[in-house]
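Input: a single structure, listed below in structure tokens.
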Amino acid sequence: MLLLGTISCMAVAGIAGDHDMKQQSLWESGKGGYHTYRIPALVVSTNSTLLAFCEGRKSGSSDAGDIDLLMRRSTDNGETWSNQQVVWDDGGNTCGNPCPVVDRTTGTVWLLTTWNRGDDHEKDIIEGRSKDTRRVFVISSTDDGLTWSEPQEVTASVKKPDWTWYATGPGSGIQIHHGEHAGRLVLACDHIEAKTRHHYSHIIYSDNHGNTWTLGGRTPNHQVNECEVVELVDGRLMLNMRNYAQPKNLRQRVFTRDGGVTWENQGVDHTLVEPICQASMARYSWPADGQQGVILFSNPASTKRDNMTVRASFDEGETWPSSLSLHTGPSAYSDLAVLAGGLAACLYERGDKHPYEQIAMARFTMLDLLAGEEPEPTGQR
């Protein structure tokens, strides 16, 4: 097991945002031994421990090079956080795209990730000129992130031989709650085909509590990639995807009725404006006691990477009538999670001059979102 060392809770700096809104800064670029922190992911364990992940980019902001997988833990609903811990450091190589999912039956936290040589760049991997290729690995923890298994490669099970580029997530996966495929772990991914250079979204899944992973279906149409998945009340799954097709500044979505093996009805969501960027989607609640279910969505609600906004849908993603702006300035990738006590959290990239100055977390309630107000200040502890 990879021992992460002694965990000592420490206060997290408050940051002043729009209208003096205070949020938590978990990582600040240039500090803690890394030039840049990017690609946030957030999950909540079965014991209500928050696990926040990101990439630590050693010497620059590039997607290539020496990149480590990092994590911080919170056992008090996000009030305080552990010191930064390294989950995977493979020398000068790239260990990135964290995509965690929690198995509610076993309590195991699974972390899917992609690897490539640090001296291989994306364009060379896509063109087949690289020394190696993108590989897929899985890491797991059975003690709420205190220790982690050694990375195990699963590339052969989840990547076709004629795929070049490959990315897990980024963001978090789900476990299906209802129906024929209840218990299935599902992670959203994307890839590029060697022959056509077309890029697609797809899923991978496990029906045996993470012991093995299987490649699911890809989208019918290309020009989509980074995506997240949510379960709908009618038994379908919905992928919400970064979009390169016209109109380029709208998200795409697609649906499956068989747990992710085949996908249908791909098209744009005319409400969800995007700057061609990653986004997050998570179920806040299921319908109960006469109340509608709620799905949350976060992204830079703009045609450029700014204005990080959380939206709420009360009709299974058909409309998004409520929104809450977390930061009107530069912002990019994000991940959503539902915490104890009715809180929700958005872990996201933000800054004043560019989006990659820090990774911050905002906590909010449904009342905040419905009122279109900023979250209550978290303060410093």
Side-chain angles (χ1 to χ4, degrees), residues 99 101 167-179 181 184 186-192 198-205 216-287 292-303 308-323 332-336 338 346 369:
C99 190
V101 63
T168 46
S172 50
I174 66 168
Q175 186 174 36
I176 297 178
H177 279 70
H178 305 110
H181 302 290
R184 172 174 288 183
V186 181
L187 280 80
C189 305
D190 66 85
H191 66 273
I192 295 178
H198 289 168
H199 40 100
Y200 295 89
S201 301
H202 71 274
I203 63 104
I204 62 177
Y205 65 90
R218 68 159 172 81
T219 54
N221 303 321
H222 64 103
Q223 294 185 288
V224 289
N225 58 5
E226 294 172 336
C227 52
E228 283 202 15
V229 62
V230 70
E231 181 182 357
L232 305 179
V233 295
D234 62 5
R236 294 179 299 162
L237 303 181
M238 176 172 64
L239 272 184
N240 188 285
M241 303 166 291
R242 176 171 171 166
N243 171 39
Y244 293 86
Q246 295 293 344
K248 288 187 177 181
N249 293 122
L250 293 174
R251 299 287 295 179
Q252 282 204 49
R253 59 182 191 168
V254 68
F255 303 87
T256 179
R257 299 179 182 273
D258 55 16
V261 177
T262 59
W263 296 87
E264 61 186 3
N265 299 328
Q266 184 175 343
V268 300
D269 187 316
H270 292 279
T271 300
L272 300 180
V273 176
E274 75 155 0
I276 308 181
C277 186
Q278 183 265 4
S280 180
M281 185 172 55
R283 178 168 289 281
Y284 176 82
S285 64
W286 293 93
Q292 296 169 302
V294 180
I295 296 174
L296 301 177
F297 174 85
S298 63
N299 81 328
S302 172
T303 56
M308 179 57 63
T309 298
V310 177
R311 298 179 185 267
S313 174
F314 309 98
D315 56 8
E316 300 300 292
E318 290 301 311
T319 62
W320 302 90
S322 296
S323 64
Y333 284 35
S334 62
D335 200 23
L336 293 160
V338 179
C346 182
L369 206 154

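In this chain, residues are counted from 1 in sequence order.
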Under the criterion side chain to side chain contact (heavy atoms under 4.5 Å, CB included), I'd like the reasoning laid out for Leu237 against Phe255: C-alpha separation, chi angles, the key distance, then a yes or no.
CA-CA 6 Å; Leu237 303 181; Phe255 303 87; over 6 Å; no

Ala279 and Asn299 have their tightest heavy-atom pair at CB-CB, 3.5 Å

**Prompt:** Distance-only, no hydrogens or angles: does the Ser285 side chain make a donor-acceptor pair with backbone N or O of Gly293 under 3.5 Å?
**Reply:** no

Q) Do Tyr200 and His198 come within less than 4.5 Å of each other through their side chains, counting heavy atoms only? A) yes

All heavy atoms of Cys227 vs all of Leu239, minimum pair found to be SG-CD2, 4.0 Å

| request: Could you tell me whether the side chain of His199 reaches within less than 4.5 Å of the side chain of Asp190, counting heavy atoms only? | output: no

Measure the shortest side-chain to side-chain distance between Ser280 and Ser298 over non-hydrogen atoms and say whether it is less than 4.5 angstrom.
yes

Sorted by chain and number, sequence neighbours left out, side-chain hydrogen bond (donor to acceptor under 3.5 Å, both in side chains) with Gln175 holds for Asp103, Arg104

### Query
Just wondering, do Leu369 and Val310 contact through their side chains at under 4.5 Å, heavy atoms?
yes

Those residues at least two apart in sequence (or on a different chain) that pass ring-ring contact (aromatic ring centres under 6.0 Å, His included) with His181 are none

Asn243 meets the side-chain hydrogen bond (donor to acceptor under 3.5 Å, both in side chains) criterion, sequence neighbours left out, with Gln252

Would a 4.5 Å heavy-atom cut-off, applied to side chains only, mark Asn225 and Tyr244 as touching?
-> yes

*Looking at side-chain heavy atoms only, is the closest gap between Val254 and Ser201 below 4.5 Å?*
no

Margin query: Strictly distance-based, threshold 3.5 Å: is any side-chain N or O of Arg253 a donor or acceptor partner for the main-chain N or O of Gly317?
Written below: yes

Give me the ring orientation class for Trp286 and His178: parallel if the planes are under 30° apart, tilted from 30 to 60°, perpendicular past 60°.
perpendicular

Please answer whether the main-chain N or O of Cys189 pairs with a side-chain N or O of Thr168 as donor and acceptor at a distance below 3.5 Å. no

task = Output yes when a side-chain donor or acceptor of Ser172 lies under 3.5 Å from a complementary backbone atom of Val101, and no otherwise.
result = no

Salt bridge (Lys or Arg N to Asp or Glu O under 4.0 Å) pairs touching residues 273-283, sequence neighbours excluded, are Arg251-Glu274, Arg283-Glu316

Distance-only donor-acceptor check, side chains Asn221 and Thr219, under 3.5 Å
no

Rounding to 0.5 Å, atoms OH (Tyr284) and OG (Ser313) come to a distance of 15.0 Å

So CG of Leu272 and CG of Leu250: to nearest 0.5 Å the spacing works out to 8.0 Å

Distance col, row His270:NE2 vs Trp320:CH2, nearest 0.5 angstrom, shows 15.0 Å

Correct closest heavy-atom pair for Ala332 and Met308 would be O-CE, 3.0 Å

Taking Glu231 for the side chain and His177 for the main chain, is one N or O donor matched with an acceptor at less than 3.5 Å? yes

* Donor-acceptor contact present, side-chain Gln278 to main-chain Ser334, <3.5 Å -> yes

Asp335 and Gly171 have their tightest heavy-atom pair at OD2-C, 3.6 Å

Those residues at least two apart in sequence (or on a different chain) that pass side-chain hydrogen bond (donor to acceptor under 3.5 Å, both in side chains) with Asn265 are none

Check: Under 3.5 Å, is there a donor-acceptor pair between the side chain of Glu228 and the main chain of Met281?
Finding: yes

Residues passing the ring-ring contact (aromatic ring centres under 6.0 Å, His included) test with Tyr205, sequence neighbours excluded, are none

Separation between CE (Met238) and OG1 (Thr256), nearest 0.5 Å, reads 13.0 Å

d(Ile174 CD1, Ile203 CD1) to nearest 0.5 Å is 9.0 Å

> Just by modelled atom types, is the Gly217 backbone N or O under 3.5 Å from a matching donor or acceptor in the Trp263 side chain?
Replying inline: yes

Note: Asn249 and Pro275 closest approach over all heavy atoms is ND2-CA, 4.1 Å

Distance col, row Ile192:CD1 vs His222:NE2, nearest 0.5 angstrom, shows 12.0 Å

